[in-house]
Amino acid sequence: MFKKLLDRGDFIGIEGETFRTQVGEPSVKVTSLTVLSKAIRPLPAVKVDEDGNVHDAFTDPELRYRQRYVDLVVNPDVKKTFVARSTIIRKIREVFDAKGWMEVDTPVLQSIPGGAAARPFITHHNALDIPLYLRIANELYLKRLIVGGFDGVYEFSRNFRNEGMDRTHNPEFTVMELYVAYQDYHWMMETTENLFGELAQAVHGTTEIPLGEHTINFAPPYARVTMRDAILEHTGVDIDGLDEAGLRQACKAQGIETDDSMGRGKLIDELFGEKCEHHYIQPTFIMDYPTDMSPLTKVHRDKPGYTERFELMINGTEVANAYSELNDPLDQRARFEEQVKLADRGDDEAMFIDHDFLRALEYGMPPTSGIGIGIDRLVMMMTNQTSIQEVLFFPQMRPESFETSAGNADFSSLGVPEAWAEHLVAAGFTTPGDVLGAKPTQVHQRLNGFRKKNKLDVPALSLEEVTAWYSDAESPAS
RNA sequence: GACCUGGUAGCUCAGCUGGUUAGAGCAUCUCACUUUUAAUGAGAGGGUCCUGGGUUCGAGUCCCAGCCGGGUCACCA
């Protein structure tokens, strides 16, 4: 009897005594039942049998991402992924707060999009009448706070980059940046591997985590490989002692396309990106990047031409990027000027000069190590996902187009009785066109079914009545 | 941006070399049954075959263009 009035997706409230049925199923002897809310759209009917096989799964990626609410209701594993994401973020805060580092907020709207090399989203501030950029990174602001005397600051930063989208890139994404004074990148490597070990434990209770066909071992310590050794191992090219022309030659020999705007650093980066990166499945620190690829990084203490920088590679993807921060204002100014030269040469990713940031450094910044961790990618690694869309609730999609819905009055043009007009939208007919687009029998059945379920106090419709709407529609339309 | 691939019922999918009225399972509705662990039986309803052109006696199927996904690449240190 209730079954006739209730649908999948309805919310109900019940009162009654709990008991067990003869077969032992916990049950409630219901004495009163209230419909709390009514579903007027059917949920996909996903079923799981006793062997764990899923039948009629809701799997179309487009529908899943556009209607994540349905995905979450119907696919329990999806929910688990997002719970894991939350666990990871909470655990990072826990670990950092325990060390006395402070969570901070810095501007999302910036007049100079600094701290990384990427194409920004541009917007405009009316009152100041200036262009503003959505941040591509928050690095330079956190360093200003180190100048200001905080010894450890971190921020979960939503960054925006106006570039391509693919399995590992979404236009907005989250990076956790941490800066700690009086430390260097060796210390940061230890801090990172220890953190990741703890995160794996927090999510899975173990440090061995499946990822596609591999098992990733997050237990510290991680391998440390210099960029020179990585390239030497996978291409046989020794970048030490090769000048720009030599590197260009080496790239060509490896089948890598180059152009004249590429400087030495860019060429080395191409060699690594094309030939080496994908080999690093287990967590590996790639260390010591060439100076001209790393304009914000301190020069290496005993390797000229290199910087104290590392990236953490997992499953062939960059997950974190860290430095001994460049705190020499004169060197920093010179590096920015190099970037300007690259820009003049045609490199559209070269950094802008941030004069205020230079001024801050001139007041004195202690030696500091900083790291940026790609939270979305980290969550992918820890939840066995290969697409960033699976770890973002609402990944960016091209917008859907909806037909604009009509007011109730519009239905009267069809000759729909006034008492019925208000119910048509609720029954799923948003425009007169929706009604006319359906067959009279279909409309008749759906509306009367809707009336019965919701116990509407309006007269039932006859098929003749509904059919008449169609002929009425023809005369005013012509 | 380039190439590959897909879009058929609420969901998951068939649909051959172009051929009558486009099918199945689940979901929905009706009736029967009173049997819990996806799936009791019988019956019914439900389709802009993504959109628009074209070829053809005839298009879900072939061609062109477009829209929206997915994949690969480019781009993204």
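Since the structure is predicted, the reported quantities are computational estimates derived from the model, not experimental observations. Quick note on labels: first sequence line is chain A, next is B, and so on, each numbered from 1.
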Expressed in angstrom and rounded to an integer, what is the separation of [X] atom [atom1] from [N] atom [atom2]?
X	N	atom1	atom2	answer
M165(A)	rC73(B)	CE	P	17 Å
D7(A)	rA27(B)	CG	P	14 Å
I256(A)	rA74(B)	CD1	C1'	14 Å
D166(A)	rA2(B)	CG	P	17 Å

Can [X] and [Y] be counted as an ion pair, charged N to O under 4.0 angstrom?
X	Y	result
R64(A)	E390(A)	yes
D7(A)	K38(A)	yes
R335(A)	E338(A)	no

Which value, in whole Å, describes the distance between the [atom1] atoms of nucleotides [N] and [M]?
N	M	atom1	result
rG47(B)	rA2(B)	C1'	36 Å
rU61(B)	rG1(B)	C1'	31 Å
rC13(B)	rA9(B)	P	11 Å
rU20(B)	rA59(B)	C1'	15 Å

May I ask you to say what [X] touches in the nucleic acid, namely base, sugar-phosphate or nothing, with a heavy-atom cut-off under 4.0 Å?
X	result
Q67(A)	nothing
Q396(A)	nothing
R64(A)	nothing

Worksheet item: Counting just side-chain N and O atoms, does Q389(A) come under 4.0 Å of either OP1 or OP2 of rG69(B)?
Response: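 Answer is no, no contact under 4.0 Å.
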
Practice prompt. Examine rG69(B): is either OP1 or OP2 under 4.0 Å from a nitrogen or oxygen in the side chain of R66(A)? Give yes or no.
Written response: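 Answer is yes, contact under 4.0 Å.
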
Worksheet item: Considering residues at least two apart in sequence or located in another chain, which fulfil the salt bridge (charged side-chain N to carboxylate O under 4.0 Å, His left out) criterion with E318(A)?
Response: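 Once residues adjacent in sequence are excluded, E318(A) has no partner under the salt bridge (charged side-chain N to carboxylate O under 4.0 Å, His left out) criterion.
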
Discussion item. Within the 4.0 Å limit for protein heavy atoms, which parts of nucleotides 6-11 of chain B are touched? Write it as a string from 5' to 3', B for base, S for sugar-phosphate only, - for none.
Written reply: ----SB

Item to complete: Test side-chain contact (heavy atoms from CB on, under 4.5 Å) on F357(A) and I112(A) and set out the steps.
Response: CA-CA 10 Å; F357(A) 173 66; I112(A) 297 171; over 6 Å; no

Worksheet item: Counting only heavy atoms not in R8(A), do more than 12 fall under 6.0 Å of its CZ?
Response: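 Enclosed: over 12 neighbouring heavy atoms sit under 6.0 Å from CZ of R8(A).
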
Discussion item. Measuring from the side chain of R167(A) (C-beta onward, heavy atoms only), which nucleotide among rG71(B), rG70(B), rU28(B) has the closest atom?
Written reply: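 In terms of side-chain proximity for R167(A), the closest of rG71(B), rG70(B), rU28(B) is rG71(B).
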
Worksheet item: Taking the six-membered ring of Y141(A) as reference, does the NZ or CZ atom of R144(A) fall below 6.0 Å from its centre and within a 45° cone about the axis?
Response: yes

